[in-house]
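Scroll down for the structure; my scribbles are underneath it.
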Number of protein chains: 2
Amino acid sequence: MPAWNPYASACPTRLVLDRVGDKWAVLLLGVLAKGPMRFNRLRREIEGLSQKVLSQTLKSLERDGLISRKAIPTVPVTVEYSITPLGQTLTATVDALRIWAETHIEEVLVAQKQYDEAAALTA
Amino acid sequence: MPAWNPYASACPTRLVLDRVGDKWAVLLLGVLAKGPMRFNRLRREIEGLSQKVLSQTLKSLERDGLISRKAIPTVPVTVEYSITPLGQTLTATVDALRIWAETHIEEVLVAQKQYDEAAALTA
DNA sequence: TCACCAAGTTACCTAGAGGAAACCATCATG
DNA sequence: CATGATGGTTTCCTCTAGGTAACTTGGTGA
């Protein structure tokens, strides 16, 4: 195993953090983890997500092998997106993060409150 | 527990993803997990990190209660940053992500290669 | 013929993140 | 007196992510 260098874009840590740090990518993986879905359905399901960004995000997720795209020759053609086994393993891991957040959010909020109050005194 | 809404900035999921998606924040947590460190030492340790962003990132991490700041009245004054117990639990969780990345990077790279080759054919 | 669905692409614009580098205060040393 | 260390703040500038909205392609039905 090479010494991973987080500054290099090729570092796997950076790759996964890029995905995980992307709000829409996480949301998409979460939705698709529940079952396959078509393009416009995803758009309606995830409020606030524009066509452009949806298209971009789906592409990069597909490129990473986390989701797969299947064009079905209906008329008009429908395109179904589904999560891959690889994508499944990632959502499982991201879930650990979600659980951390739900477990510790109170502590974070308390810390923020204290910090802000202390800052208010100084100002 | 309320139904967490990932669109709201108050959603804990978004909060933790904001931190985790921040390259420098993750790097800082990683370094501080190994032991306390002073400002300028951090700057030298983490190549490419500007003073401004270091300062900003340390502040937000401190505000979230993930690290703590201690000014020591030496001369010139030294400021020591260290990870909190709360921060420790987060780094442990983020490690799961790092492990996912190291475990599955090969699959992702293969997927990307296949995707790019297929795209090259179409073009 | 016109209108409408699908799934995108493209052009345009703007706000914000982040880098570079200068500036600040304090004290000690040469 | 000037320089260098400490730990920052401030200004300026650039670059890109992402939003809006219009356009595309192809086929179907009114």
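Residue numbering restarts at 1 for every chain, and letters A, B, ... go by the order of the sequence lines.
- The interatomic distance linking Glu45(A) (CD) with dA7(C) (C1') rounds to 18 Å, in whole Å.
- Judged by atom type and distance alone, Lys52(B) reaches the base of dG19(C) through a side-chain donor-acceptor pair under 3.5 Å.
- Across the interface with DNA chain D, nearest-nucleotide mapping of Gln56(B) and Val77(B) shows Val77(B) to be the residue nearer the 5′ end.
- Of the candidates Leu54(B), Leu61(B), Leu32(B), Leu32(B) is the only one forming a side chain to side chain contact (heavy atoms under 4.5 Å, CB included) with Tyr81(B).
- When the P atom of dG18(C) is taken as reference, atom CG of Leu27(B) falls 13 Å away, rounded to whole Å.
- Rounding to whole angstrom units, CD of residue Gln51(B) and C1' of dG19(C) are separated by 12 Å.
- To the nearest angstrom, C1' of dG19(C) lies 11 Å from NZ of Lys23(B).
- Nearest to the side-chain atoms of Val79(A) among the listed nucleotides dA28(C), dA11(C), dA7(C) stands dA7(C).
- Ion pairing between a basic and an acidic side chain is recognised when a charged N comes within 4.0 Å of a carboxylate O; Arg63(A) and Asp116(B) show such pairing.
- One interatomic measurement links the two molecules: CD of Glu62(A) to P of dG8(C), which rounds to 9 Å at whole-angstrom precision.
- The distance between atom CZ of Phe39(B) and atom C1' of dT26(C), rounded to the nearest whole Å, is 16 Å.
- In this structure, Tyr115(A) and Lys59(B) have side chains that are in contact, with non-hydrogen atoms separated by less than 4.5 Å.
- When each of dG18(C), dA7(C), dC5(C) is scored by its nearest atom to the side-chain atoms of Pro76(A), the top-ranked nucleotide is dC5(C).
- For the pair Arg98(B) and Asp95(B), the salt-bridge criterion is met [side-chain N within less than 4.0 Å of a carboxylate O].
- At least one side-chain nitrogen or oxygen of Lys59(A) sits closer than 4.0 Å to the OP1 or OP2 atom of dT9(C).
- Taking 4.0 Å as the cutoff to heavy atoms of chain A, we find the contact window on DNA chain D bounded by dG18(D) to dT28(D).
- For the pair Arg38(A) CZ and dG8(C) C1', the interatomic distance rounds to 14 Å; values are reported in whole Å.
- For the pair Leu29(A)/Ile67(A), a side-chain contact is recorded, criterion being any heavy-atom separation below 4.5 Å from C-beta on.
- Summarising the geometry of Thr89(A) relative to Leu86(A), their closest heavy-atom pair is OG1-O, 2.6 Å, with the distance given to 0.1 Å.
- The CD1 atom of Ile46(B) sits 12 Å away from the P atom of dG19(C) (whole-angstrom rounding).
- A sub-4.0 Å separation between OP1 or OP2 of dA7(C) and a side-chain N or O of Arg44(A) is absent.
- Leu49(B) and Arg43(B) make their closest contact through O-CG, 3.9 Å (heavy atoms, listed as atom of the first residue, atom of the second, distance).
- At the heavy-atom level, Arg69(B) lies under 4.0 Å from the strands shown only through sugar-phosphate atoms.
- Base engagement by Ser50(A) is indicated by at least one non-hydrogen atom pair under 4.0 Å involving a base atom.
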